[in-house]
Each structure stands twice: as C-alpha cells, then as structure tokens.
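Single-structure report; data block below.
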Amino acid sequence: MSSTAIEIQSKRGVWGGGNEPLKASYGKLMMWFFLLSDIFTFTAFLITYGAIRVSYPAYSGEVADFVSSNQHWPIPEMIFDAIPFVHGGHFPLVFVGLMTFILIMSSVTMVLAVEAGHRNDKKDVVKWMLWTLLGGMTFLGCQAWEWTHFIHGTDEGVVMTYVNSFSNIVTETVHGANLLVNEYGPAPFAQLFFFITGFHGFHVTIGVVLLFLAFYQAAVGVYEDRGHYEMVEKIGLYWHFVDLVWVFVFTFFYLI
C-alpha cells in the first residue's frame, strides 16, 4: 500500500470514510440514537397521561378539605404526603422531593466521573462512579417504598363505588391501589402511575446495572489499560437522560 493510501486511511479513522460526525465516536452516536427513540416513547406516555388527566374534572373545593373520589382527579400533594417511619403525618411531596434530589445529585457525581475520565484519573473515576451507583440504588429503594405505600394505602381507606372484574357494581371501603380501583381517585390515575413510574424505574434499574459494570471495570483497570474512559461517558449520557426524564415525570404526576 502506498504512503498516500495509508495517509488517507488513517484520516478516515474507525468510520472507514469521512470524519466522525460532530467528532462523536460510533458508540456515542449509537447511544444518542437510542436515547432519541426513548424520548419519543416517554413523550407518548406523558402526552397520554395529559390527555386522560384533562378528561377528568379537577377537585373544586379547598385543598385542605380534599376527599378522594373516582369522579375527580386527585390533588397530588394530598396523595403523596407520607414519609418512611412517620405514621399518620402529612408531609406534602417531601419524600418524592427527596427522591428527586438524590437522583439529580447522582447526575452531578456522574459528571464528575466523566470529567475524571477525561483526565485519565482512575481513582477519581472509581470514587465518583461509586457515589453515582449509591445514588441510583437509593432512588430505587425510595421508589420501592413509595410503591409499597401507594399499594397498601391508608388505614382509613375511602368508600368507593366501582365496577369489579365481574362487571358488578360494588360499593366498599378501598385501601390502596391496584389496576382496577384505588382509594386516591379514578382507576386511570393508578394505572398511569404504575405504568409510567414503573417504566422509568425499569430504566433506572438498567442504569444501575451499567453503573456497577463500569465501576467494576474502572476499579480493576480495564479502562486504564484501554487508555480512555469513553464507556463511562456513554453510560453517563444514559444516566443524564434518566434524570431528565424523571424531571418531566415528576412535573406531570406530582405538580400538575
């Protein structure tokens, strides 16, 4: 092969032709493609939530006098008002706010891990990846508690009239939530809550697995031997996406 051909081939790089688009590697570009498709999915889910939400009337009374009914959409701060180990307290959105803070802070530590990777600083990459991993696991633990509380409900429950699985009209005291009826409001409220927050939680679980693998490989020197920490950066893109999506989920479910 002539020297000119070798020079042309070296300029082509891993793509085998032309420059890398936006100076992004193949792996990072594919991650962006995946995240773009996931954005469409979450957007469709949240649009569906919004359409169903506006199809139900809002509670017209005072917030302090709110009573759950399947005739109107619930007020989020009156539903999500519990925190662990405090029975019977009223702490509107405190726990979910803490969850959100933990997830956002894990995104900050992920940024620090990527920055350390750019410096090829193995020690800092391992340290910040560990903090990010702990943040993701803590968020999942918080979400598991929230789901458990949402499913079991309050001690008092709410008297609801609904159509059961046998197409019979039933009036009874309902505790917690399932896909058919819930003490918090119309059935679609619980259905959408389980589906959308569960779908996001599934993404967080995948992210935690990826974070663990990256943390382990960084700790044993795999990336140091490669001479770069690009895998940490690619996982960081995914983790930031998960955090950003939660901001929209939080806004739709807990603030609107």
Side-chain angles (χ1 to χ4, degrees), residues 20-51 53 93 95-119 124-144 146-147 192-218 222-223 228-256:
E20 295 178 346
L22 303 178
K23 297 183 179 180
S25 67
Y26 177 82
K28 284 193 285 187
L29 191 63
M30 291 304 103
M31 177 60 78
W32 278 113
F33 283 158
F34 166 73
L35 296 181
L36 183 61
S37 67
D38 233 14
I39 287 172
F40 293 149
T41 304
F42 273 105
T43 300
F45 291 160
L46 292 177
I47 289 175
T48 300
Y49 174 88
R53 165 69 180 85
L93 304 182
F95 187 65
V96 71
L98 176 62
M99 290 171 53
T100 303
F101 175 77
I102 290 171
L103 195 61
I104 291 175
M105 288 306 298
S106 74
S107 197
V108 174
T109 56
M110 189 73 237
V111 169
L112 295 173
V114 171
E115 188 275 333
H118 290 161
R119 294 186 283 106
D124 272 5
V125 170
V126 171
K127 176 180 69 175
W128 294 121
M129 286 296 293
L130 177 60
W131 278 111
T132 307
L133 177 61
L134 291 175
M137 294 172 64
T138 302
F139 177 84
L140 284 178
C142 291
Q143 191 169 50
E146 185 186 41
W147 268 48
L192 291 165
F193 175 82
F194 286 131
F195 187 80
I196 296 179
T197 63
F199 191 62
H200 178 267
F202 174 68
H203 279 70
V204 176
T205 302
I206 293 175
V208 166
V209 173
L210 294 175
L211 288 171
F212 175 78
L213 292 176
F215 164 74
Y216 173 78
Q217 290 184 326
V222 172
Y223 303 139
H228 61 82
Y229 288 80
E230 184 177 304
M231 183 59 70
V232 173
E233 188 172 356
K234 287 186 285 190
I235 295 174
L237 290 173
Y238 177 85
W239 194 250
H240 295 321
F241 167 76
V242 167
D243 290 358
L244 180 62
V245 167
W246 177 252
V247 171
F248 287 95
V249 173
F250 175 82
T251 301
F252 271 70
F253 271 101
Y254 302 100
L255 299 182
I256 296 179

Quiz item: side chain to side chain contact (heavy atoms under 4.5 Å, CB included) with T138: which residues, sequence neighbours excluded?
Solution: I102, C142
Practice problem: Apply side chain to side chain contact (heavy atoms under 4.5 Å, CB included) to V222 and list each qualifying residue two or more places apart in sequence or on a separate chain. | Solution: Q217, V220, R226
Quiz item: Do F95 and M99 come within less than 4.5 Å of each other through their side chains, counting heavy atoms only?
Solution: yes
Quiz item: Heavy-atom distance under 4.5 Å between the side chains of M231 and Y223, does that happen here?
Solution: yes
Quiz prompt | OH-CG distance between Y238 and D243, expressed to the nearest 0.5 angstrom | solution = 10.5 Å
Self-check item: Step-by-step side chain to side chain contact (heavy atoms under 4.5 Å, CB included) determination, M110 to M129
Solution: CA-CA 6 Å; M110 189 73 237; M129 286 296 293; 3.5 Å; yes
Self-check item: Point-to-point distance, once rounded to the nearest 0.5 Å, from NZ of K127 to OG1 of T132
Solution: 11.5 Å
Self-check item: With E233 via salt bridge (charged side-chain N to carboxylate O under 4.0 Å, His left out) - residues at least two apart
Solution: K28
Quiz prompt | Closest approach of I235 to A214 (non-hydrogen atoms, all atoms of both residues) | solution = CD1-CB, 3.5 Å
Self-check item: Partners meeting side-chain hydrogen bond (donor to acceptor under 3.5 Å, both in side chains) with T100 (sequence neighbours left out)
Solution: W246
Practice problem: For S107 and H240, indicate whether the former's side chain and the latter's backbone hold a donor-acceptor pair under 3.5 Å. | Solution: no
Quiz item: Roughly how far apart are L112 CG and W128 CH2, rounded to 0.5 Å?
Solution: 5.0 Å
Exercise. Please identify each residue that fulfils side-chain hydrogen bond (donor to acceptor under 3.5 Å, both in side chains) with Y49, with sequence neighbours left out.
Key: W73
Quiz prompt | Exercise: identify the closest heavy-atom pair between L255 and L93 | solution = CD2-CD1, 4.0 Å
Quiz item: Residues two or more places apart in sequence or in another chain: which of them pass ring-ring contact (aromatic ring centres under 6.0 Å, His included) with F252?
Solution: none
Under 3.5 Å, side-chain donor or acceptor atoms of residues 193-201 against the rest of the protein: list the pairs with distances, not counting sequence neighbours.
{"unit_1": "T197", "atom_1": "OG1", "unit_2": "W147", "atom_2": "NE1", "d": "3.3"}
{"unit_1": "T197", "atom_1": "OG1", "unit_2": "F193", "atom_2": "O", "d": "2.4"}
{"unit_1": "H200", "atom_1": "NE2", "unit_2": "V242", "atom_2": "O", "d": "2.9"}

Exercise. Please examine the side chains of V245 and I39, heavy atoms only from C-beta on, and report whether any two atoms are closer than 4.5 Å.
Key: no
Self-check item: Counterpart residues, side chain to side chain contact (heavy atoms under 4.5 Å, CB included), relative to L140 (two or more places apart)
Solution: Q143, V204, T205, V208
Quiz prompt | Atom pair CD (E146) and CZ (F139), whose distance is rounded to the nearest 0.5 Å | solution = 8.0 Å
Self-check item: side-chain hydrogen bond (donor to acceptor under 3.5 Å, both in side chains) partners for H203, two or more places apart
Solution: D38
Exercise. Kindly write out the residues that satisfy side-chain hydrogen bond (donor to acceptor under 3.5 Å, both in side chains) with W239, not counting sequence neighbours, or none if the list is empty.
Key: S106
Quiz item: Taking only residues two or more places apart in sequence or in another chain, which ones pass side chain to side chain contact (heavy atoms under 4.5 Å, CB included) with L36?
Solution: F40
Self-check item: Rounded distance (nearest 0.5 Å) linking atom CG of L103 with atom CG of L98
Solution: 11.5 Å
Practice problem: Hey, could you give me each pair passing salt bridge (Lys or Arg N to Asp or Glu O under 4.0 Å) that has a residue in residues 97-118? Not counting sequence neighbours. | Solution: E115-R119
Self-check item: L192 side, atom CG; F253 side, atom CZ - distance, nearest 0.5 Å
Solution: 5.5 Å
Self-check item: Passing option when F241 is tested against F42, F34, W32 for side chain to side chain contact (heavy atoms under 4.5 Å, CB included)
Solution: F42
Quiz item: Do any N or O atoms from the side chain of T41 and from the backbone of S37 form a donor-acceptor pair under 3.5 angstrom?
Solution: yes
